[in-house]
Participant: 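Okay, here's the structure, questions in a sec.
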Protein chains: 2
Amino acid sequence: MFSKACEYGIKASIFIALNSYENKRVSLKAIAKEINSPEAFTAKILQDLARHNIINSTKGAHGGFEIDKYAISSIKLSQIVNAIDGDSIYKGCGLGLHTCDEEHPCPVHDKFKAVRDELKHMLESTNLEELALDIKSGVAFLKT
Amino acid sequence: MFSKACEYGIKASIFIALNSYENKRVSLKAIAKEINSPEAFTAKILQDLARHNIINSTKGAHGGFEIDKYAISSIKLSQIVNAIDGDSIYKGCGLGLHTCDEEHPCPVHDKFKAVRDELKHMLESTNLEELALDIKSGVAFLKT
DNA sequence: TAGAAATAGGATAAAACTATCCGAATAATT
DNA sequence: AATTATTCGGATAGTTTTATCCTATTTCTA
Ligand code: FES
Ligand code: FES
């Protein structure tokens with residue numbers, strides 16, 4: 001469904017958010033360890049999220065990643081997915097036609113669109129804060 | 001959402017079904033042309049579908065692919081997707097945890113599962129016949 | 001029975017995705 | 001100012017997915 005990069009990106013964002021509530025910056029190393037992801041690959045994804053202004057990065061000693069704590073509740077899952085995987089999951093045709101077009105639909109258009117729209121709605125209505133709180137309260141987990 | 005292989009497999013199956021209603025076998029070449037897919041790659045996918053007994057293939061002159069016309073309405077989209085892409089789309093964790101487990105959920109588990117289950121239901125309740133009829137009646141298309 | 005028309009299947013290549021390595025740049029600490 | 005800790009970014013490598021090529025095998029037809 002999502003690429004590995006996107007999975008790592010979502011998990012990393014949740015972990016960064018969690019720490020940002022306590023005004024703690026987290027290092028790449030700590031993130032990769034927490035979400036069980038390859039360090040160098042995760043670095044690329046974090047750079048990408050930083051370029052999209054979803055997270056902030058600070059270089060040098062005591063550097064690391066953080067998110068404005070007052071922005072966490074307004075960051076939607078869709079922003080992260082969109083930054084990493086693009087918008088084909090929201091807009092693309094389920095059977096790979098060049099565009100998903102009501103006027104020229106593929107055979108699964110109506111049925112697929114319903115599912116795709118529900119996914120879109122889910123991603124657009126879920127924010128980082130609620131996900132972070134589920135980790136904090138221990139009802140959800142970031143790794144096996 | 002689906003792999004290219006799966007997209008081609010679904011489209012090819014629909015086209016084969018359409019022709020099978022008229023007792024016509026279709027060749028790889030005709031299929032690839034109709035669904036706008038690379039011939040040799042499509043051949044691999046058709047072999048796969050044949051091994052899964054979703055379509056029948058006949059070698060030699062006048063050979064080609066067909067589907068038992070009385071079975072078309074009982075072939076579900078889920079069978080095709082499952083044969084080509086496997087079952088991770090139904091069962092896998094949205095954030096890539098080793099298994100999707102209610103007892104050890106990832107942060108998006110509840111929300112993701114709802115979407116995944118709707119997709120599953122859609123695929124399991126859609127059969128080849130209805131898709132083929134939409135092509136026949138001209139309300140849907142197999143290529144751009 | 002020879003030839004033509006197909007699919008089957010193995011080998012290979014190209015592209016995309018995932019992952020690693022290393023030096024450059026930056027910022028805090030000593 | 002030197003050292004250390006850290007991200008950035010370019011180069012490279014490995015893996016999976018997508019795509020191509022060629023030969024073998026099968027079946028129909030003449
Ligand atoms: S045209 Fe295929 S999903 Fe809309
Ligand atoms: S545990 Fe992640 S979707 Fe169920």
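The basis for the numbers below is simple: all heavy atoms, side chains too, and nothing from hydrogens, waters or symmetry mates. Each chain gets a letter, A, B and so on, in the order its sequence line appears, and its residues count up from 1. What you are looking at is a predicted structure, and each value in this text was computed from that prediction instead of being measured.
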Participant: Rounding to a whole Å, what distance do you find between A:I45:CD1 and D:dC8:P?
Facilitator: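 For the pair A:I45 CD1 and D:dC8 P, the rounded distance is 13 Å.
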Participant: Without decimals, in angstroms, what is the distance between B:F41 CZ and C:dG9 C1'?
Facilitator: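 So the CZ-C1' distance, B:F41 to C:dG9, works out to 15 Å.
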Participant: Name the closest nucleotide to the B:K59 side chain, picking from C:dA4, C:dT18, C:dA8.
Facilitator: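 From the listed options, C:dA8 comes nearest.
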Participant: Using whole Å, what does the distance between atom P of nucleotide C:dC21 and atom CD of A:E39 come to?
Facilitator: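 Whole-Å distance recorded here is 11 Å.
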Participant: From the options C:dT20, D:dT18, D:dT7, select the nucleotide whose nearest atom is closest to the side chain of A:P38.
Facilitator: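 The answer is C:dT20.
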Participant: Heavy atoms from C-beta onward define the side chain here; which of C:dA19, D:dC8, D:dT18 lies closest to that of A:F65?
Facilitator: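 Of C:dA19, D:dC8, D:dT18, D:dC8 is nearest to the side chain of A:F65.
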Participant: Measure from the side chain of B:S27, starting at C-beta and using heavy atoms only, and say which of C:dC21, D:dC28, C:dT7 lies closest.
Facilitator: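 Out of C:dC21, D:dC28, C:dT7, the nucleotide with an atom closest to B:S27's side chain is C:dT7.
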Participant: How close or far is atom P of D:dT26 from atom CG of B:N56, stated in whole angstroms?
Facilitator: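 Rounded to the whole Å, the gap is 18 Å.
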Participant: So which nucleotide from C:dA28, D:dT7, D:dC21 ends up closest to the side chain of A:H62?
Facilitator: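 It is C:dA28.
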Participant: Of B:A40 and B:R25, whose closest DNA chain D nucleotide lies nearer the 5' terminus?
Facilitator: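 The residue mapped nearer the 5' terminus is B:A40.
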Participant: Roughly, in whole Å, what's the span from CG in A:D85 to C1' in C:dC17?
Facilitator: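 Distance check: A:D85 CG to C:dC17 C1' gives 11 Å.
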Participant: Using a cut-off of 4.0 Å on non-hydrogen atoms, how would the nucleic acid contact of B:R51 be classed: base, sugar-phosphate, or nothing?
Facilitator: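 Sugar-phosphate contact only.
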Participant: Is A:I16 close to A:L49 at the side-chain level, that is, under 4.5 Å between some pair of heavy atoms?
Facilitator: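 No, side chains not in contact.
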Participant: May I have the distance from B:Q47 (atom CD) to D:dT18 (atom P), rounded to whole angstrom?
Facilitator: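 From B:Q47 CD to D:dT18 P: 16 Å.
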Participant: According to a strict under-4.0 Å criterion, is A:Y8 in side-chain N/O contact with OP1 or OP2 of C:dA19?
Facilitator: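 Yes, because at least one side-chain N or O of A:Y8 sits under 4.0 Å from OP1 or OP2 of C:dA19.
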Participant: From the options C:dC21, C:dT7, D:dT18, select the nucleotide whose nearest atom is closest to the side chain of B:S57.
Facilitator: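 Shortest atom-to-atom distance from the side chain points to C:dT7.
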Participant: In whole angstrom, what separates A:D48's CG from C:dC17's C1'?
Facilitator: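 A:D48 atom CG is separated from C:dC17 atom C1' by 14 Å.
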Participant: Could you state the atom-to-atom distance from CG of B:L49 to P of C:dA8 in whole Å?
Facilitator: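 Taking CG of B:L49 and P of C:dA8, I get 11 Å after rounding.
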Participant: Picking from D:dT18, D:dT27, D:dT20, which would you name as closest to the side chain of B:A5?
Facilitator: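 That would be D:dT18.
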Participant: Mind checking whether A:H104 and B:F141 have parallel, tilted or perpendicular rings, split at 30° and 60°?
Facilitator: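 Ring orientation, 0 to 90° scale: parallel.
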Participant: Does A:I54 belong to the same Ile/Leu/Val/Met/Phe/Trp/Tyr cluster as A:L28, with side-chain heavy atoms less than 4.5 Å apart forming each link?
Facilitator: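 Linked within one cluster.
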Participant: We want to know whether A:K111 and B:T126 form a side-chain donor-acceptor pair, criterion being a heavy-atom distance below 3.5 angstrom.
Facilitator: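 Note: A:K111 and B:T126 side chains meet the donor-acceptor criterion.
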Participant: Hey, which of these two, B:F2 or A:K29, hits DNA chain D nearer its 5' end, going by closest nucleotide?
Facilitator: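 In this pair, the answer is A:K29.
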Participant: Classify the nucleic acid contact of A:K44 as base, sugar-phosphate or nothing, counting any heavy atom under 4.0 Å across all strands shown.
Facilitator: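 Here A:K44 touches the bases of the nucleic acid.
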Participant: Stepwise, does the side-chain contact (heavy atoms from CB on, under 4.5 Å) test hold for B:I72 with B:S20?
Facilitator: CA-CA 9 Å; B:I72 294 174; B:S20 294; 4.1 Å; yes
